[in-house]
Amino acid sequence: MLKDTPLGKHTQIDAGPESSSRRVFIKSYGCQMNVYDAQRMADTLAAEGFTETPTPEDADLIILNTCHIREKAAEKVYSELGRIRQIKARAKRDGRHVTVGVAGCVAQAEGAEIIRRAPLVDLVVGPQSYHRLPDLIARAEKHGAVVDTEFPVEDKFDFLPAPAPERTRARGVTAFVTVQEGCDKFCTFCVVPYTRGAEVSRPAARIVAEVERLAAASVREVTLIGQNVNAYHGVGPDGASWSLARLLYRLADVPGIARLRYTTSHPRDMADDLIAAHGELPTLMPFLHLPVQSGSDRVLAAMNRRHTRDDYLRLVERLKRAQPALALSSDFIVGFPAETEEDFRGTVSLVEQVGYAGAFSFKYSPRPGTPAAAIDQVPENVKVERLAALQSVIDKHQAAFNRSCLGRTLDVLLEKPGRHPGQLTGRSPYLQPVNVTAPSERIGEVLSVQIADLGANSLFGVALGTKDRHFSAEDCSLREHLDIAAAGA
Ligand code: 5AD
Ligand code: SF4
């Protein structure tokens, strides 16, 4: 399962030189897969002459790239459509036609129902059909509403165009690359196997080519994404089935790539070679999102997770033996049907035992058509209480982890200007935002940073130097460039 990103993320796409063309506004909800998909949609539409606008008011085409994982995520789409109805009506009064599309997992799950509930929608397109967008838009504009939620025989990745290097550059020094889609695990709470379908892995050579293209456009960090990413089993150039570990070893050789990550993993698919890669591959960041969902064996069985609490703890132990610097994050569901106080205490004690660097917790949300939706539900007030209690334990561990970084030297990939002049913001290996005083030419570089202070949501550090092979060896001029004082808040 992919980790959620803050809802309502707007995809940033360089407007490019084609600015006389039609404008598209794409808003993405949910996980990183949707962020990646939104970029691929924008690339497809750019090839058709669309440029991106950050405001829906001046768009000719508005696409909501939706998430169906929890009820709240789906409901947000309908309330956003309410706002878009007014934008569309205003544009019509001005003699302008606005086409509205709903993409993503709500589109897949609800299909034509969306048009019934929100007749302003012209186009409903499932995640496997984005390559057909130009054709679907043309059909919708000519003949009225269209719905495409098929799982087509052709592979969309064969048709989605690669963006121009300058578009990739404008998106920054980190990138997501989808390596696998769908899931065969059928956890009883989860819609993904229904909305995204069966597991399919992309061929390794295609992924390598995509990462080489990203690296050539200055991308330094690649996160391989998939709903069950460590189940990856794509065909390799040698005709053999490649594991995720094998793919990671190959990608670590791509010149310019300084960091690799992957998300989201299922504990059952943490193969021996992947665990070993954490010890052997310096490019693979020592931070792993490994959802466990619950610390109670009874609930884990009811969730069809196919592992026990003890299996999970032993796995964490093996990972830490392979890579002692490893830190973990996780996802938890509270108030799963029939979860007792004792089950819940098991989850809290698991958090205490593992000591996560961070974690996401969610109230169980019944999803239509999933097995758990039909079982006895836990009352809402109990869910609310458990969520608050669990989140405070998670927050305590996250704060302790951040404190443990004080005084440590961490590698930081500088990503963008910070909030204050002269400051850059990057990420530690553990995805913590770190602020450093450094000139903007350093964006894209991995610096050694001594952590000097903790903010509410980020760390502050002093740059010590570069260890980045990609940049001029010893980089002796760095100290002259850097204000060695600790970057203040
Ligand atoms: N209710 C609540 N949380 C859910 N998740 C997935 N399905 C549900 C649901 N029906 C959570 C899981 C998953 C994360 C992305 O979302 O914890 O790992
Ligand atoms: Fe959903 Fe379970 Fe598959 Fe993750 S592993 S996508 S939670 S069914």
request  = Heavy atoms only: give me the nearest G418-T425 pair and the separation to one decimal.
outcome  = CA-OG1, 3.3 Å

query = Does any donor atom in the side chain of S349 or R309 lie under 3.5 Å from an acceptor atom in the other side chain?
reply = yes

key: Shortest non-hydrogen contact between I257 and A215, atoms and distance   = CD1-CB, 3.9 Å

inquiry  = Does N65 form a side-chain hydrogen bond (donor to acceptor under 3.5 Å, both in side chains) with D37? I'd like the steps, not just the answer.
reply    = CA-CA 8 Å; N65 190 23; D37 283 349; 5.2 Å; no

ask   = Got a sec: does the CD of E380 have more than 12 other heavy atoms crowding it under 6.0 Å?
value = yes

request  = Give a yes or no on this: more than 12 heavy atoms of other residues, nucleotides or ligands lie within 6.0 Å of atom CZ of R298.
outcome  = yes

message = Within the structure provided, determine whether V24 and M41 are in side-chain contact (heavy-atom separation under 4.5 Å).
response = no

ask   = Are Y262 and H278 close enough, and set up right, to give a ring pair (Phe, Tyr, Trp, His ring centres under 6.0 Å), and what steps lead you there?
value = CA-CA 11 Å; Y262 60 93; H278 277 279; 5.6 Å; yes

key: By salt bridge (Lys or Arg N to Asp or Glu O under 4.0 Å) - contacts of R321 (at least two apart)   = E317

inquiry  = Donor-acceptor pair, distance only, cut-off 3.5 Å: does the side chain of R202 make one with the backbone of T178?
reply    = yes

request  = Enter the distance from E210:CD to L251:CG here, rounded to the nearest 0.5 Å.
outcome  = 10.5 Å

inquiry  = If you compare all heavy atoms of P291 against all heavy atoms of S265, which two are closest, and at what distance to 0.1 Å?
reply    = CD-O, 3.3 Å

query = Sequence neighbours excluded, which residues qualify as side-chain contact (heavy atoms from CB on, under 4.5 Å) partners of A109?
reply = H68, T195

inquiry  = Taking atom CG as the centre, does D310 end up with more than 12 heavy-atom neighbours from other residues, nucleotides or ligands that are less than 6.0 angstrom away?
reply    = yes

remark   = Closest heavy-atom pair, P286 versus P429, reported as atoms and distance to 0.1 Å, is CD-CB, 3.7 Å

message = We want to know whether Q391 and D395 form a side-chain donor-acceptor pair, criterion being a heavy-atom distance below 3.5 angstrom.
response = yes

remark   = In short, G335 meets K383 closest at the heavy-atom pair O-CE, 3.7 Å

message = Show, in sequence, the C-alpha distance, side-chain angles and deciding distance for Y194 and F186, and conclude whether the ring pair (Phe, Tyr, Trp, His ring centres under 6.0 Å) test is met.
response = CA-CA 9 Å; Y194 310 95; F186 289 92; 5.6 Å; yes

Nearest heavy atoms of I114 and V106, plus distance in Å = CD1-O, 3.7 Å

inquiry  = Which label fits Y312 and Y356: parallel for a plane angle under 30°, tilted from 30 to 60°, or perpendicular past 60°?
reply    = tilted

task = State whether the number of non-hydrogen atoms from other residues, nucleotides or ligands found under 6.0 Å of R213 atom CZ is greater than 12.
result = yes

